[in-house]
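Step one of this worksheet: look at the structure below.
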Amino acid sequence: MQVNEYKPLIVAFCCNWCSYAGADLAGNNRLAYPAEVKIIRVPCSCRVNPMFILRAFQRGADGVIICGCHPGDCHYTSGNYYTRRRMAALFSMLDYLGIEKERTRVEWVSAAEGAKFAATMNDFVQTVAALGENKRLEDLRCKK
Amino acid sequence: MRKCSLDKIDLVFAQIAKNAALYLPVDQTDGSAAYKKWEEGTVWSGALNTVRSPKDFFFPQTEDLMRFKTEGKNIEIIDTRTEGEDFVVFGVRACDVKSFDILDRVFLSEPVDSFYANRRAHGVIVSLACTRPSETCFCKTFGIDPAEPAGDITAWKTETEIFFRANTEKGEQLLSKIAALTEDSDDAVVKAQKEQIGKIMDKLPLKNVTTDGFGGGKTDELFNRPEWDELSQSCLGCGTCTFVCPTCQCYDIKDFNTGNGVIRYRCWDSCMYSEFTRMAHGNNRLTQKERFRQRFMHKLVYYPENNDGLFSCVGCGRCLAKCPISMNIVKVMKKIGGETK
Amino acid sequence: MQKVTREQLLNKASELLSNGTVSCVLGWAAGEFDYDVTPKMFNCVEELNAGFVFNDFCGANVSKYLVARAGKCEGKILVFLKPCDTYSFNQLLTEHRFDREKVYAVGIPCEGMADIAKVKAVCGDGISSIDTTGEDMKVTTLYADAPVSVAAADVLAERCINCKSKKHVAYDELMGEEGDVIDSARFDEVARLEAMSPDERFAFWQNELSRCIRCNACRDACPACTCEKCVFDNPNSGVENKSPANSFEEKLFHIIRAFHVAGRCTDCGECSRVCPQNIPLHLLNRKFIKDINEFYGDYQAGAEVGSRAPLVNYTTEDLEPGEVFDRRDNNA
Amino acid sequence: METNKYLQEEIVRISGVNPRKCMRCGKCSATCPAYDEMEYHPHQFVNMVENGDIEPLLNSKSLYKCLSCFACIDRCPRSVQPAKLVEAVRLAVIRQQGANHMTANDVPAMIDEDTPQQLLVSAFRKYTK
Amino acid sequence: MQRIGVFVCWCGSNIAGTVDVKAVAEALKNEPGVVFSTDYQYMCSQAGQDMIKEAVKEHNLTGIVVCSCSPRMHEATFRKTAAAAGLNPYMVEIANIREQCSWVHKDMMTGTEKAVILGKAAVAKVNLNTPLTPGESPVTKRALVIGGGIAGIQTALDIADAGFPVDIVEKKPTIGGKMAQLDKTFPTLDCAACILTPKMVDVAQNENIRIFSYSEVTEVSGFVGNFDVTIKKKARYVKEDVCTGCGACLEKCPMKKVPNEFNLGMDNRSAIYIPFAQAVPKVATIDPNACNMLKNGKCGVCAKVCAAGAIDYTQKDEFIQEKYGAIVVATGFNPISMDKFDEFAYSQSKDVITSLEFERLTNAAGPSAGKLLRPSDGKHPHTIVFVQCVGSRCDACAEKGKEYCSKICCMYTAKHAMLTRDKYPDTEVYVFYIDVRTPGKNFDEFYRRAVEEYGVKYIKGMVGKVTPEGDKLKVQASDLIANKQLHIDADLVVLAAAIEPDQSARPLATMLTASMDTNDFFTEAHPKLRPVESPTAGVFLSGACQGPKDIPETVSQAGAAASKVIGLLAKDKLTGNPCVAGSNELMCNGCSSCANVCPYGAISYEEKEFRMPDRTTKVRRVAVVNPAVCQGCGACTVACPSGAMDLKGFANSQIMAEVDAICK
């Protein structure tokens, strides 16, 4: 194992009804993904405020991923539709400001998709790791 | 008095920049000017009016005061003060130079603000006579002569030459460092320029703005004047006037939680903000009218009352140019104080 | 030169005041110079005669004042609205920010407003007078012997060069002819930035936003920013801050500010007009508008009262956040 | 069946028609006034373009039997617009062969006094792009 | 400051195998607020729970963090434990160190490190937790059914059967709906009236059911369990409780040339009318647009002939206020207008009819007394062409028609074709179809019978044009199998018109804040798992208002809706989810962004008076969340630009504290 391999910090917001359960299923099936992924449970993906995402980057996250129910399957009927619009707009704006678009992602993971959850996280960690440290949205005050 | 050809000015800058950080006004793409750190290739245009005032070099918008480091339940206090680096601010207008008198009285009187004092000790101000006042200028109202600015060194610039006169010891020292690039000169050219400036001053549209009717002791008379309602009515409550003002010196002290500790820092605050001077019981000026009045009463009444009649406005005209809705101290002075001398 | 004159507006205001339709007038007041115009409430004909002004420098969008003012005086407020102001007016009504019954809106034509910085760039500093009554502007300065003639088109404010509409979308009464929605080139600059590499874009915005002094003028002038308490002023919000302490704070403020008005911003351009540092803030807002138009179909905030803003709406067929980039990359 | 992907894409692009929207109801053919004259009928046109079976269409006289009356476009419940496809195939023929179905020289012989001017104009537009 | 206890579970070796649980407990001991930290083999066991309870008492804990399996597993368990120890159950947070840590990571050091961070995030959150109490609201034990078709009738009967009072609001003078207009029903061919009218009588006689016929719902406020509804009872100018339905007035009424809507305008009725013989309530209604007495005061015959004295020309619309615990929408459907389908000559020839008109033509109580005669000349038609999918399955961009399949047409057309061939074997019957869709019990068999036993000619293809010529209808169609264009001289053309939701549905949805799709069908709370509930709590869906349905499907959905209603009304009070949104009215500016995104209509607005800083008062519009309706998704919290809207249990500050702890 490489010792100096760069390990990005990933914050994953997961909706309680689908994606958090999907993550649990990944666990049940012992599907490994990097420990750099830390999950925060929210009732619905639409609870994720853009401020949370920026906050994560400020505090040192290298990537933020939002997981919710598949469109049409939202526990609250329409929550993820709003997520989809908000995040499309926000991500496009971050990209417009020159911030690497690969650092943010929205993924729909159902409660049955443990494998997809693990695969998504593996892929996301790899993508972000390739980018290296988050420099463009960092707050130097928060570095150790 | 020393003089130097403008052809050699970059050599002068290079010489100064050897020992100190040199800041001077540089034209920006949008037509305005801003202070920039000089480096090889920086072009000094001789611009006089900058959007941000040179106050920023001595009293920056944000400044860390100290840090707390937390480890579990332990807290360690870290002094973040450092011995500052030497710097030179070049090309400061008379009005802006005057603003340091006003800031000094606040920050250098007991208890001395060590951060400010540190910067003052390390900074050299090279002023520049103002040959092209703007229509928004009214420094004369506060007894400032744009042709005779103070500062450690005073400079006069013509089409081809620049003249220097040291006013302080710090100024002498700096001049001596560039002695090889300058030569002695009489003051004939400078005198002519002063005369020229005097003529322009008489043509300025705001030449008749007067401080009569303001000053210490006028609180009772002015505080409840009905005109404040009308004047403050369109104020948006933004902080533009305060942040471009060379004499505004209010700040807030805040803590920033970094996750590993806390940075205690100060940052400019504006009396125009609804959150200004928020205390445990809330804010003490609840309406925009009160906040608006505070700003002008402070500049024109409270400050002179506590500082031997010195007004805390220098007539630089920045707020006139930058207020989003063009409400400003001149309009206030005319409405509250009366038109002309 | 504006097609509608100060006198015409003055007569209209006096008429409406005298016949009791309105009890006060929200308009523009003359200042020290010919260009420093201040929005003001006029309470009687005498005040109007003394101070009311209308010229090429009446850029200030007065719609926002209605939030605080409507309902404060006895009767109705007369407000003069340029075409772009009417969009803000409608958007504020959509968000229930003032009582329509308390306002009498008069739509006035606008030929585009001048940017004083551009005037100064042409004529130099030290402006002693500007005559806007003729076809061209006549500018007299302290440093020139004769007045300089400037074509109005050369000193138009950026937002007026890219005017999106000469049509009034709200009024009780219209003065002059009704104009049309304009097929403007306002998104060209956004497209130019989009075409840059991420590194170039980052450098561009880093440079622009680093000038921010967080004076909040953009927010406080914005007709969409009418929150009772802004998140940036609220110590409990988690993002409150008074200064751009570093480049992150600069970006945080401007991203969130633009996001909060996304779908609600009418592109009135006040933010850029008032920025003392000339940061092209409208390019942030326009990015959201352009995206929304492209992703979810054309939408103009304020075009009608009661329309549902795109970010509080959805269809089941919306594109995925990831597809945003595929789309752009394919178009490029 | 032979598929000609290039031509298929070209025709879809020129016409702006998405043949996959067709639900095979046949209303276009039911509505077509030139049906009996045609070797390939409107619904077959759509189907053949969808399958990339373009060659027979290129060589079929059906192309010129279509009156461009647009009845099929009007009636199609799926907005498929068969007439536009026919037009696109006609164009493809012209582009491919560089030869027009008719030339201006052929025209005088075809005119009788009842021929309306509009028909001539429309024929030129259709056959000689 | 909280006093937090941290409990790290080993889960046998499930956690302890990859996570150094002792090290985790030790590390978390130093977190702000933590006063006690320990580990145990099985925290969820009785012994583990007792350990928590003791620690709460011993250390005066105000908050609990359990580092264990997923909260989806044992959050409820530990909340109960906390409650048993006297703590508010919502002062418990779970750090998921099993499913999302020990089970997905192999390395002890990595696992332990991550477990500590997850624990820290949970501690950071508990530090900001506040005790939450679920709200309770009473339930009004009465249901409202809007629409009196078969869906509404069945729902009302089922609810009434369970002992709850039900009101049916029907906008027509009688209940019965579309089914009352049908002749026979597929696939069994029993007569619609024979099976429907007994149910209508049941409704009329059921003590728990009130019928508001000729009435409309005009206003709805309130929320699940507590709806306030205003019902407009339109003036029928006949005293409902006095009229005996004898019909004398109908005979004597001089105004007899009013198009009869029950027969779709194919014959006439009088100005005072009873829609059909078995109408419920069997009460006459005066059509104010046709009655001379009401229009110009010249007549009054009906009042003279009415022995019961039921006529009242001065009657006014009446508004009734009632409270309901649940509302069932059963507003049904209508065939779409054929105006835009002029290729079928519907407006040009009386002999081009819709299927519903065909039903009336074959119905014994219809305009031709059940004889199949051409509307134009009353002759017997010998060639009949049925056209399927008229206006169904159209492209979304097309200017006419609907995108969806209307579902019932294939079956009723087969029925019509079969019945025609059965009664009139000399008739040629053609059915033009695109697909024949017969998924349903005995459905395909039914269709095949039409073809095989009755000789109905099914032709795959569509009719392109119908041209009236003389007394014939020239039908031009394509036969896709034969690859031919057909030309048929028909006597009658029957169009299977698409169906659409009733026009009253859209305004009703607005009143109910129930969501609709683009076609104006009501949206269900979950397309698979909650098909009879609207996302708006307390509003249920029955019948074709939710999507095209045949009778058996409608009846089963009606029963399902009824059972949901019964389940709701059986409760004495509703306990809410305490993790609901709440608006800080000092910060709210009433912009409606939150209400726009709320899927439940939980947000309303109030004009509230505020004291302003300058000591004046100002009335401002502010959002108010109804905690009984809010489901706690949090969509509103992000839509709110000022941050006035926050979600209890998942507050902005709590989530940010978690972010901070994770990113530290």
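Basis for what follows: all heavy atoms, side chains included, without hydrogens, waters or symmetry-related copies. Protein chains get the first letters and strands the later ones, always in sequence-line order, with residue 1 at the start of each.
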Task: Part of C/Asp233 within contact of chain E (heavy atom distance under 4.5 Å) - done: neither

Task: Residue C/Thr315 versus chain E: region with a heavy atom under 4.5 Å - done: neither

Region of [X] that comes under 4.5 Å of a non-hydrogen atom in chain C:
| X | result |
| --- | --- |
| E/Cys588 | backbone |
| E/Ser653 | neither |
| E/Asn652 | neither |
| E/Met656 | side chain |

Task: Short side-chain donor-acceptor distance under 3.5 Å, C/Tyr87 and C/Ser165 - done: yes

Open item on the list: I'd like to verify something: which residue of E/Asp646, E/Asp517, E/Val597, E/Thr518 has the highest number of heavy-atom pairs under 4.5 Å with chain C?
Closed with: E/Val597

Task: Cation-pi, C/Phe253 ring and C/Arg214 (6.0 angstrom, 45 degrees) - done: yes

- [ ] Compute the ring centroids of C/Phe89 and C/Phe98, then answer whether they are less than 6.0 Å apart.
- [x] yes

Task: salt bridge (charged side-chain N to carboxylate O under 4.0 Å, His left out) between E/Arg621 and C/Asp99, intermediate numbers included - done: CA-CA 11 Å; E/Arg621 184 185 135 97; C/Asp99 184 354; over 6 Å; no

Open item on the list: As an exercise: rank C/His260, C/His96, C/Arg97 by heavy-atom pairs under 4.5 Å with chain E and give me the winner.
Closed with: C/His96

Open item on the list: So for atom CD, which belongs to E/Glu607, do other residues, nucleotides or ligands contribute more than 12 heavy atoms lying within a distance under 6.0 Å?
Closed with: yes

Open item on the list: Can a donor-acceptor pair be found, under 3.5 Å and without considering hydrogens, that links the side chain of C/Asp85 to the backbone of C/Asn61?
Closed with: no

